[in-house]
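Basis for what follows: all heavy atoms, side chains included, without hydrogens, waters or symmetry-related copies. The chain is numbered in sequence order, starting from 1.
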Amino acid sequence: MTVEPQSAEVPAPSPVPAASSVPVASVAPAASAEAVGDAPPSHPSAAPTVPTAPTAPGPAVPTHLPWYRWVLESLRAAVFMAPRTGAAAPTPAQLISAMVVSWGLVVLGEWWAAVAVGPVEFNAQAWLGQHWLSLALLGAAWWAMWPVQKQAPGPAEALAGGVPAWLLLSSLAVLPWVIPLLLIPASDEASAGMPAWQDRLDWTLPELLLGLSAIAVILCSYAAMVRLTARFVRSRWRTAVFALCLVAGTAVQLGLGVEPTWKPVVDVQAATDAAAAEGADAQPAGVPLSQAVFEGQQLMLEAYTQDLTPERPGVVDVYGLVFAPYAGEEVFRRESTMVSDLLQDRFDAEGRVLHLLNHAETADTHLWATPENLRSAVDALAATMDREQDVLVVYMTSHGARNHQLAAAHPPLQVDPMTPELLRHMLDDAGIRHRVIAISACYSGGWLDTLATPSTLIMTAADATHTSYGCGMRSELTFFGRAVFNEQLRSTYSFTDAFNKAVPIIAQREVEAGKADGFSNPQMRVGAEIDPVLKALAQRLSAEAATPSSAPRPGGKGLVAQTPMAHRAVQLR
């Protein structure tokens, strides 16, 4: 009971609040020590009163920030300044809206660059395909930040908002660097659908400066992203790994090719106008339509199928499928006929070639070159040949578009364009294994990835970003068809040798013709499984040519009817 009077004297250290002008957090420990010193040692019960002193809270750290703050801090990150978000993390609505804004501005910028040269349409498949790199970087960032998520927050400049905060800040931080590049209008149709700086490196001084400036801007945006990531990661070697993933992923993306988000609208008239620059016919002549023509077309495939020469057991036979869907230029008629004749004369394929052709004068002798007829022709060939051993040679010639479609025109008929995906499905469904495919068209290099298999050889007249040459009225044959098939394959049975010898010839002829948009850059890809098959075929044909038979094979006929099919239709009923 005597403790009460003495405990009444304990508040003696009350003069401490006189220093209340000093922050509480800085004086609290000293005050506690003084109180302990003044407490009578004979009363140990006074010691427990020390923890009852109020502990000053530290500065409050917000867990959420308003939208405008995230935008401002992203702009700071864009210019290499530290975002002041601390441990804050965005709400799901903020993160989703930031991604929508980021993607939307990029897509809008690409549209602005593409629409400057003509109508375009959204290429959803290409847009989604480009985001594999974003997903890869997201995974790399998550891996780099994983140790930090289990630690206490670091210094003030270290960010602790985790992957959501990094994703929001990085998505918005790169926009000030990327958007100006996207707003440069495309220079011509060849670059429609892609940022102009990607397609202007033609080594003239202004274009070179533009390209180098664009590369410098992209490097700055990457540096801003790496610097921002480092503030989250707080580990030099993990940041270095993330930077390596960024650079390597970009290199892989460029190696695979950047397909444009906005592709030019397929316009037959536009293709005709482009060909007119070379002196092509202004408008395809209309096919005369009559009941006899329609009946002949309906029965033509059946007749051709009956005429196909069957495969020979133990012999690798060559079958051919030649497809010329554009009726506007005589060059496609001449070239497709040349290839059909060549396969029969040189590759022992007489009676094994189907020639599909759109032309006003061939409606009663050739099957129309439409996707529907092409599928029927592929199925007919597959039913006749040995699908595991024989070789199918497919040759397509027409105008090509930047979106890798072959133009088709046969007025007044409506004919859909051909695509690499459609051809691949046809061949796969038919089960034909060994394929030699040649595409003579602008931008035909875009067919490579879709058609590539281990048992396929693919040749294209151009790469995916350049035009080919020789599809006008003044051209007897296209530069590609002339050099590879009409010249080189008349002295060799090797498709690879013919292509390799033809490429420098094509380059020289394009220079002499004044091709203004750069070398067409023909492409070839040879599958590992078909290479030995074609070598053995070339050896057999060479040996047979060295010992010609007494009755040489006639060439040029193939399955082109000598009697118009309109008249044969009556006989086939």
Side-chain angles (χ1 to χ4, degrees), residues 117-118 186-192 199-208 264 267-284 324-339 342 395-402 404 406-407 409 438-448 459-491 495 497-524:
V117 296
S187 56
D188 51 33
E189 185 180 359
S191 57
D199 209 66
R200 288 187 177 176
L201 289 177
D202 291 332
W203 310 117
T204 63
L205 183 58
E207 294 162 348
L208 179 60
D267 188 353
V268 171
Q269 184 61 46
T272 305
D273 294 342
E278 295 185 49
D281 297 335
Q283 177 65 32
Y326 196 80
E329 276 79 65
E330 287 286 339
V331 64
F332 299 134
R333 178 187 183 182
R334 287 191 293 266
E335 179 157 300
S336 59
T337 301
M338 177 272 295
V339 173
L342 175 74
Y395 190 90
M396 293 188 167
T397 178
S398 180
H399 294 299
R402 188 67 182 258
H404 311 144
L406 286 185
I439 310 296
S440 179
C442 298
Y443 312 112
S444 49
W447 291 57
L448 287 171
M459 295 182 289
T460 63
D463 61 22
T465 60
H466 287 87
T467 61
S468 56
Y469 217 59
C471 57
M473 185 175 59
R474 293 192 299 267
S475 299
E476 183 70 20
L477 300 169
T478 67
F479 282 20
F480 174 80
R482 174 187 171 191
V484 178
F485 281 77
N486 196 45
E487 295 175 350
Q488 298 304 319
L489 278 178
R490 295 195 184 277
S491 59
F495 290 97
D497 289 349
F499 179 87
N500 292 329
K501 293 178 180 178
V503 169
I505 298 175
I506 295 172
Q508 180 62 31
R509 288 172 177 168
E510 288 180 353
V511 172
E512 295 172 352
K515 190 172 185 292
D517 63 339
F519 179 40
S520 58
N521 194 24
Q523 301 287 301
M524 180 174 64

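Evaluation of the side-chain contact (heavy atoms from CB on, under 4.5 Å) rule for A438 yields Y395, M459, F480, F485 as partners, not counting sequence neighbours. With sequence neighbours left out, the side-chain contact (heavy atoms from CB on, under 4.5 Å) criterion links N486 to M338, L477, R490. Among residues two or more places apart in sequence or in another chain, the side-chain hydrogen bond (donor to acceptor under 3.5 Å, both in side chains) test is passed with T478 by E335, S440.
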Show your working on side-chain contact (heavy atoms from CB on, under 4.5 Å) between Q488 and F499 and close with a plain yes or no. CA-CA 8 Å; Q488 298 304 319; F499 179 87; over 6 Å; no
Residues K515, F479; criterion side-chain contact (heavy atoms from CB on, under 4.5 Å); working and verdict: CA-CA 12 Å; K515 190 172 185 292; F479 282 20; over 6 Å; no
So R482 and E476, side-chain contact (heavy atoms from CB on, under 4.5 Å) or not? Walk me through it. CA-CA 8 Å; R482 174 187 171 191; E476 183 70 20; over 6 Å; no
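A donor-acceptor pair is defined here as one N or O able to donate and one able to accept, closer than 3.5 Å; such a pair exists between the side chain of S398 and the backbone of A407.
H404 contributes atom NE2, which lies 9.5 Å from atom CG of L448 (distance to the nearest 0.5 angstrom).
P325 approaches T397 most closely through the heavy-atom pair CD-O, 3.4 Å. Summarising the geometry of A498 relative to V484, their closest heavy-atom pair is CB-O, 4.0 Å, with the distance given to 0.1 Å. Contact between A462 and S468 at its shortest, heavy atoms only, is CB-N, 4.1 Å.
The list of salt bridge (charged side-chain N to carboxylate O under 4.0 Å, His left out) pairs with a residue in residues 500-510, not counting sequence neighbours, reads E487-R509.
N521 pairs with exactly one of T465, V503, D463, I506 by the side-chain contact (heavy atoms from CB on, under 4.5 Å) rule, that one being D463.
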